[in-house]
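Proteins get letters first, then strands, A, B, ... in listed order; numbering begins at 1 in each.
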Protein chains: 2
Amino acid sequence: MEIKKEVTIYDLAKELNYSPSTISRALNNHKSISKKTIKLVKQTAERVGYRPNNLAAGLRNNKSKTIGILIPHINRPFVSTLISGIEEAARKAGYNVLISQSYDDYKNEVNNAHTLYDSRISGLIVSLAMETTDFAHFQQFVDQGIPIVFVDRVPKVFNSYKVVIDNYSAGYKATKHLIEGGCKRIAHFAGSQHRNVYEERKKGYIDALKEYNLPIEKELIIPFKTLSFEEGKKVTKKLLEMKNPPDGIFSANDTAAVSAIICAKKMGVSIPEELAIIGFNDDPISSIVEPALSTMSHPALKMGKISAKRILDHSLKDLDKLLSEVSVLNTEVIARASTKPIS
Amino acid sequence: MEIKKEVTIYDLAKELNYSPSTISRALNNHKSISKKTIKLVKQTAERVGYRPNNLAAGLRNNKSKTIGILIPHINRPFVSTLISGIEEAARKAGYNVLISQSYDDYKNEVNNAHTLYDSRISGLIVSLAMETTDFAHFQQFVDQGIPIVFVDRVPKVFNSYKVVIDNYSAGYKATKHLIEGGCKRIAHFAGSQHRNVYEERKKGYIDALKEYNLPIEKELIIPFKTLSFEEGKKVTKKLLEMKNPPDGIFSANDTAAVSAIICAKKMGVSIPEELAIIGFNDDPISSIVEPALSTMSHPALKMGKISAKRILDHSLKDLDKLLSEVSVLNTEVIARASTKPIS
DNA sequence: AATTTTTACGCAATCGGTTGCATTAATAAA
DNA sequence: TTTATTAATGCAACCGATTGCGTAAAAATT
């Protein structure tokens with residue numbers, strides 16, 4: 001199988017008796033090239049099947065029109081929708097999207113950051129691994145003026161773009177929703193306290209309890225490792241076997257919340273009467289489980305689009321300036337059958 | 001903000017008094033470079049924070065170590081898991097992964113194929129858009145000897161790598177499962193007949209009916225556009241309002257199947273006694289819905305890994321030769337509560 | 001008509017690795 | 001010791017697009 005020779009701007013130049021510079025400028029709509037020439041060049045390019053070589057352009061510009069994504073796991077509803085939003089915005093702007101998953105492992109995150117850097121991406125979108133506390137692997141991007149957008153799971157200290165929801169407020173709202181439904185003993189399924197999202201949700205939970213003069217009980221605040229289905233079932237079983245079991249659960253994600261519903265039902269505990277449950281994320285399973293899970297909305301698509309936009313707009317900006325813009329999106333309680341109506 | 005000068009192999013060359021060629025070869029473990037030199041070069045590279053420029057290497061080699069993915073929608077369980085599998089295998093081999101979604105639109109698919117080509121990917125993994133019937137946009141890859149792996153939704157005619165499940169057999173098994181549970185009138189939620197997956201599932205369905213001497217009734221074979229939740233509800237309602245409603249449904253995906261369960265329950269139809277339902281894919285919702293949905297397994301992660309492997313191994317192969325290998329994976333009935341046990 | 005400005009384009013260097021073809025030094029074989 | 005090999009490295013061209021600077025021709029201005 002012979003490989004066809006690719007057509008380059010040099011071929012176009014020869015064909016049209018122009019210099020490669022003119023071809024290049026014509027293809028990029030450079031203002032110093034006449035409309036007529038531009039049209040001619042583009043038509044010819046189309047006709048002969050010219051395709052630009054991003055690698056060559058990228059090398060020359062020292063940056064490819066590519067956004068890199070570094071997330072824990074692709075195959076989770078929130079993340080895949082986030083990526084979808086990024087991809088859509090990026091593609092509209094003529095950018096490609098590189099993905100990599102850390103599997104919530106710090107070392108993978110470091111390696112992937114380097115690998116993405118090697119492709120001279122023009123921006124990086126990151127959702128941190130569960131236990132990442134050191135951010136040196138992002139420094140090289142900063143050194144090169146490459147914008148970083150942290151999304152959802154963001155560092156507290158690192159100076160950069162951030163796109164988040166108000167997790168504190170969300171935790172507060174979720175807990176308040178349970179309280180207003182009549183819950184007196186509310187357990188919390190908490191994620192890693194290294195991560196802002198889980199730390200803040202927990203704070204919101206605690207402050208809501210305080211607000212309503214409910215006691216904060218250590219044994220009702222369960223630290224999870226991964227907020228998985230299995231973990232959720234185990235924890236729920238233990239909780240319900242307590243002499244004084246909780247009458248409400250605020251879970252930091254839907255997966256664990258759904259497992260709680262299933263476990264509680266199996267144990268004959270009625271939902272929401274004996275145990276009200278609210279989750280987080282509005283995953284597809286949350287509206288399918290029975291009773292349907294009340295949860296907090298999580299605008300994944302929008303967060304993705306905003307993140308991409310931050311990067312796309314970055315080059316237009318005064319450097320130094322707005323490098324640390326934080327976008328905080330709103331979330332709301334999605335009340336369904338797993339919690340009681342406000343009494 | 002000043003941008004730090006990046007360190008290149010030329011800097012390493014100067015630092016170590018070697019030529020750039022030697023540095024390059026050392027970094028790539030070329031056999032003609034002494035172990036000592038290799039070690040020295042790599043240590044120095046590490047120390048001074050050298051990072052290779054993929055764009056430069058890619059330009060020279062006319063191919064970047066990158067796998068391109070072209071799928072309809074990222075945020076679907078099957079697809080995001082497929083991507084996860086691809087990403088994992090690719091990264092292990094030092095490859096990056098570019099993603100793009102067609103949104104099941106032919107024109108997007110064409111554009112994205114070109115855009116991915118522009119990045120000189122070393123292989124393309126495609127799951128076709130719903131209505132794609134022309135494959136000219138893939139020709140440029142063939143012309144350049146760039147391997148294409150079609151996965152799940154594959155063309156019938158295009159000569160290329162393919163990774164699929166045996167959809168015919170799966171359709172047959174699913175239908176047989178319903179029949180053996182006692183169903184006599186089985187409806188089928190069918191997808192676009194342009195796509196192998198849906199066409200073959202339907203054939204399997206039909207042949208199973210024939211096998212068991214059940215009549216094939218046109219009005220029970222429902223052509224869906226997108227197999228969405230909304231579509232599923234509408235169709236189910238109509239079906240159940242027939243004078244002679246079906247007692248079983250084989251849906252070509254889980255989304256529509258779950259919607260059927262929910263709709264049937266709402267209408268007071270008992271599942272599986274009056275209506276047995278089996279879906280396809282084993283999406284997370286299928287085990288959460290009540291009654292839990294029987295479905296066909298769909299080895300997304302494995303399909304992803306195999307697809308990536310095809311591309312990674314491609315360069316090792318005799319060209320011309322095995323360019324059209326087809327990998328067919330097995331699927332099984334996952335029997336749950338939405339179908340009756342074999343009688 | 002002479003001068004200035006604008007328009008439209010070309011020249012050539014550059015981005016950072018890679019690699020075929022030397023070349024030199026070191027080792028082995030004769 | 002001489003010659004043949006082998007090992008280790010350097011030279012220089014190349015990949016394809018971009019862009020600062022220069023220039024000729026056309027248009028505008030005086």
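In this structure, B:R51 reaches the sugar-phosphate backbone alone: every heavy-atom distance under 4.0 Å involves primed, P, OP1 or OP2 atoms, never a base. Contact annotation for B:N54: no contact, since no heavy-atom pair falls under 4.0 Å across all strands. Across all strands, B:N17 comes closer than 4.0 Å only to sugar-phosphate atoms, never to a base (heavy-atom distances).
Contact of the A:I86 side chain with the A:I311 side chain is not registered, since no non-hydrogen atoms from C-beta on lie closer than 4.5 Å.
With ring centers used as reference points, B:F150 lies under 6.0 Å from B:F158.
Side-chain to base pairing of B:Y10 with C:dG17: one donor and one acceptor N or O lie within less than 3.5 Å of each other. For A:S21 against C:dC11, a side-chain-to-base donor-acceptor contact under 3.5 Å is present. A:T37 contributes no side-chain N or O that forms a donor-acceptor pair with the base of C:dC9 under 3.5 Å. Below the 3.5 angstrom threshold, one finds a donor paired with an acceptor across the side chain of B:R25 and the base of D:dG10.
Rounded to whole Å, atom P of D:dC14 lies 16 Å from atom CG of B:N61. The nearest whole Å value for the distance from the NZ atom in A:K31 to the C1' atom in C:dC9 is 14 Å. Atom pair A:Y117:OH and C:dG16:P shows a separation of 10 Å (rounding to whole Å applied). Going from atom CG of A:N28 over to atom C1' of D:dT18 covers 8 Å, rounded to whole Å. A straight line from CD of A:E6 to C1' of D:dG16 spans 10 Å, rounded to a whole angstrom. The interatomic distance linking B:K63 (NZ) with C:dT19 (P) rounds to 12 Å, in whole Å. Between the P atom of D:dA7 and the CD1 atom of B:I38 lies a distance of 14 Å, rounded to the nearest Å. Rounded to whole Å, the distance from NZ on B:K36 to P on D:dA8 is 10 Å.
Here A:S24 does not reach the OP1 or OP2 of D:dT19: none of its side-chain N or O atoms lies under 4.0 Å away. Dashed line: the shortest gap from a side-chain N or O of A:T22 to OP1 or OP2 of C:dC9 is not under 4.0 Å. Neither OP1 nor OP2 of D:dC11 sits under 4.0 Å from any side-chain N or O of B:Y18.
Rounding to the nearest 0.5 angstrom, the gap separating the CD1 atom in B:I38 from the NE2 atom in B:H30 is 9.5 Å. Taking CD from B:E109 and NE2 from B:H137, the interatomic distance works out to 3.5 Å, rounded to the nearest 0.5 Å.
Residues B:S32 and B:N62 each lie close to DNA chain D; by heavy-atom proximity, the contact nearer the 5' end of the strand is made by B:S32.
Within 6.0 Å of the NZ atom in B:K42, the count of heavy atoms belonging to other residues, nucleotides or ligands exceeds 12.
Distances from the side chain of A:I33 to the nucleotides D:dG16, C:dG17, C:dC9 place C:dC9 closest. If you check D:dT18, D:dG16, C:dG17 against the side chain of A:I9, the one that comes closest is D:dT18. The side chain of A:S19 has C:dG10 as its nearest neighbour among C:dG16, C:dG10, C:dC9. With D:dA17, C:dG17, C:dG16 as the candidates, the nucleotide lying closest to the side chain of B:A57 is C:dG17.
Taking the six-membered ring where the residue is Trp, A:F138 and A:F141 present tilted rings, their angle falling between 30° and 60°.
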